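Please read these numbers as outputs of a predicted model, since none were measured by experiment. Residue numbering restarts at 1 for every chain, and letters A, B, ... go by the order of the sequence lines.
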There are 2 protein chains.
Amino acid sequence: MTKEIALLNHLWTDIYYQLRYIHQEKITHQSVRILQVIQKEEEAGIKEVAEAIQVSHNTASEHIKRLIEKKYVFKTRSSKDERKVILRLSDLGIDVLYRHSSLDEDKLRQVLFERMSDEERQRILEAFTLLKERAKDVHDL
Amino acid sequence: MTKEIALLNHLWTDIYYQLRYIHQEKITHQSVRILQVIQKEEEAGIKEVAEAIQVSHNTASEHIKRLIEKKYVFKTRSSKDERKVILRLSDLGIDVLYRHSSLDEDKLRQVLFERMSDEERQRILEAFTLLKERAKDVHDL
DNA sequence: GTGTTTGTATCGTATTATAAGATATATTCC
DNA sequence: GGAATATATCTTATAATACGATACAAACAC
């Protein structure tokens, strides 16, 4: 059981190391994490970001200010509660996050379409779909 | 073709967001990248690290100094060329990198062993093995 | 409607990270 | 022995990170 888990993790990190984007703008760890939270969570505001990256609300507010300066993020307000900020990624922000968490499209193209049969590619996509499906709502600890 | 690539990337980031480790020590972006280089490359020294993260050799040297202070990394010297440093991850460094790039073992355990049949798990592992195999030596641009 | 809570923003301050030029040293190559 | 190579250190500069204190407006409580 531990063997399969270790194997999958080894494959996971090897694949990412091989296929990730190389030429990336300078960006901090916290910035990437915040962009991820905004993209993956529905209606994230300052408070949600602060909880997600485990910093105080004022620190989170500062982070967001910098991300807005860089045009990665913009603010809207909730219509239900005018105090609440709703954060959204700009096109640039989506792009930057993509290049810091996704696999390089050119490399994927080579792997999936030049080095695989249609049937092999299909098997890969089905396996990832299955894993994503079963990973939904896994609980922490 | 673009559709399959976008789909795979979407699945990739969703799976990582769901299954990654949450409780992590503070560590910078550059530190993670350096630890990855040391782990995945054979016999990385200061020069290799500098090239990999695209900074000057003196900056790379400073980074390594800090990583050694934190006991994530230690130095040996090449026996062939005594000028050359060979960097290695300590057990702590391996552990820290693991928690910043791998999938959470407890979560994987739930997904692979409580929510999948033997046959499904087998299909996942085979798909990842295939993808890793074909990803080998993909060239940049 | 006044007081409290909630969500966010800003100011001040401190520490750490990041980066590179200048310079130094040890080893290897020729 | 001199040049090239690999690394280390010192200095200096800027940006990132973090939080306490404070402020304020919207929402809620009664």
Side-chain angles (χ1 to χ4, degrees), chain A residues 22-38 41-89 92-93 96-97 100, chain B residues 23-38 41-89 93 96-97 100:
Chain A
I22 294 298
H23 304 296
Q24 301 174 344
E25 47 275 280
K26 298 257 188 280
I27 187 170
T28 69
H29 191 216
Q30 293 293 57
S31 296
V32 175
R33 293 184 67 198
I34 293 169
L35 295 180
Q36 281 175 335
V37 170
I38 295 173
E41 303 296 334
E42 279 304 306
E43 313 234 316
I46 303 292
K47 200 184 146 199
E48 287 74 24
V49 168
E51 280 164 9
I53 67 167
Q54 313 219 55
V55 296
S56 68
H57 61 97
N58 37 16
T59 298
S61 184
E62 306 262 12
H63 279 296
I64 297 300
K65 197 201 287 179
R66 276 193 302 273
L67 292 175
I68 289 171
E69 274 166 21
K70 287 182 180 159
K71 312 253 190 232
Y72 292 173
V73 163
F74 62 92
K75 280 181 189 171
T76 57
R77 291 272 169 176
S78 166
S79 52
K80 281 167 288 189
D81 181 345
E82 279 288 330
R83 290 170 308 181
K84 179 133 179 65
V85 161
I86 295 175
L87 297 166
R88 304 265 180 231
L89 298 187
L92 177 59
V96 168
L97 177 56
H100 275 85
Chain B
H23 305 297
Q24 303 173 344
E25 47 275 279
K26 298 260 188 280
I27 186 170
T28 69
H29 191 216
Q30 294 293 58
S31 296
V32 176
R33 292 183 69 199
I34 292 170
L35 296 180
Q36 281 175 336
V37 170
I38 296 173
E41 305 296 335
E42 279 304 306
E43 313 235 316
I46 302 292
K47 199 185 147 198
E48 287 73 25
V49 167
E51 280 163 10
I53 68 168
Q54 314 219 53
V55 296
S56 69
H57 62 97
N58 37 16
T59 299
S61 183
E62 304 266 11
H63 279 295
I64 297 301
K65 197 201 289 180
R66 277 194 302 275
L67 292 175
I68 289 170
E69 273 166 23
K70 287 182 180 158
K71 312 249 189 234
Y72 293 171
V73 163
F74 61 93
K75 279 179 189 172
T76 57
R77 290 272 169 178
S78 167
S79 52
K80 279 165 291 187
D81 181 345
E82 279 289 330
R83 293 169 305 179
K84 178 133 178 67
V85 162
I86 295 175
L87 298 166
R88 303 265 180 232
L89 298 187
V96 167
L97 177 57
H100 276 85

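Annotation: side chain of Q30(B) is in contact with side chain of H63(B) (closest heavy-atom distance under 4.5 Å). Residues Q36(A) and V32(A) meet the side-chain proximity criterion, which asks for heavy atoms closer than 4.5 Å.
One interatomic measurement links the two molecules: NZ of K65(B) to C1' of dA19(C), which rounds to 13 Å at whole-angstrom precision. In this structure, L67(B) atom CG and dT16(C) atom C1' are separated by 14 Å, rounded to whole Å. Between the C1' atom of dT7(D) and the CD atom of E48(B) lies a distance of 12 Å, rounded to the nearest Å. If you measure from atom CD of E69(B) to atom P of dT9(D), you get 10 Å, rounded to the nearest angstrom. If you take CD1 of I27(A) and C1' of dA15(D), they are 14 Å apart, rounded to a whole angstrom. Following rounding to the nearest Å, L87(B) (CG) and dA8(D) (C1') show an atom-to-atom distance of 13 Å. Between K75(B) atom NZ and dT9(D) atom C1' there is a gap of 11 Å when expressed in whole angstrom units.
Here the rule is side chain to side chain contact (heavy atoms under 4.5 Å, CB included) with L87(A), and of I34(A), T76(A), I64(A), L67(A) only I64(A) fits it. Exactly one residue among L97(B), L35(B), I38(B) makes a side chain to side chain contact (heavy atoms under 4.5 Å, CB included) with Y72(B). That residue is L35(B).
With R88(A) contributing its side chain and K75(A) its backbone, the two residues share no donor-acceptor pair below 3.5 Å.
Closest approach of E82(B) to S79(B), counting heavy atoms only: OE2-CA, 4.4 Å. Here the closest heavy-atom approach between residue T28(A) and residue S31(A) is recorded as OG1-OG, 2.9 Å. Nearest heavy-atom pair across K84(B) and E43(B) is NZ-O, 3.9 Å.
Taking 4.0 angstrom as the limit, R77(A) places a side-chain polar atom (N or O) nearer than this to OP1 or OP2 of dA9(C). OP1 or OP2 of dG7(C) has at least one side-chain nitrogen or oxygen of K47(A) nearer than 4.0 Å. Within the 4.0 Å cut-off from OP1 or OP2 of dT7(D), not a single side-chain nitrogen or oxygen of S61(B) is found.
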Polar atom pairs between nucleotides 27-30 of chain C and protein, under 3.5 Å, N or O only, would you list them?
from    : atom 1 : to     : atom 2 : distance (Å)
dT27(C) : O2     : R83(B) : NH1    : 3.3
dT28(C) : OP1    : E82(B) : N      : 3.0

* When you look at H100(B) and E25(B), which way does the side-chain contact (heavy atoms from CB on, under 4.5 Å) test go after all the steps? -> CA-CA 9 Å; H100(B) 276 85; E25(B) 47 275 279; 3.7 Å; yes
* Reading nucleotides 16-24 of chain D from the 5' end, what letters show protein touch, with B for base, S for backbone sugar-phosphate only, - for no heavy atom under 4.0 Å? -> SBBBBB---
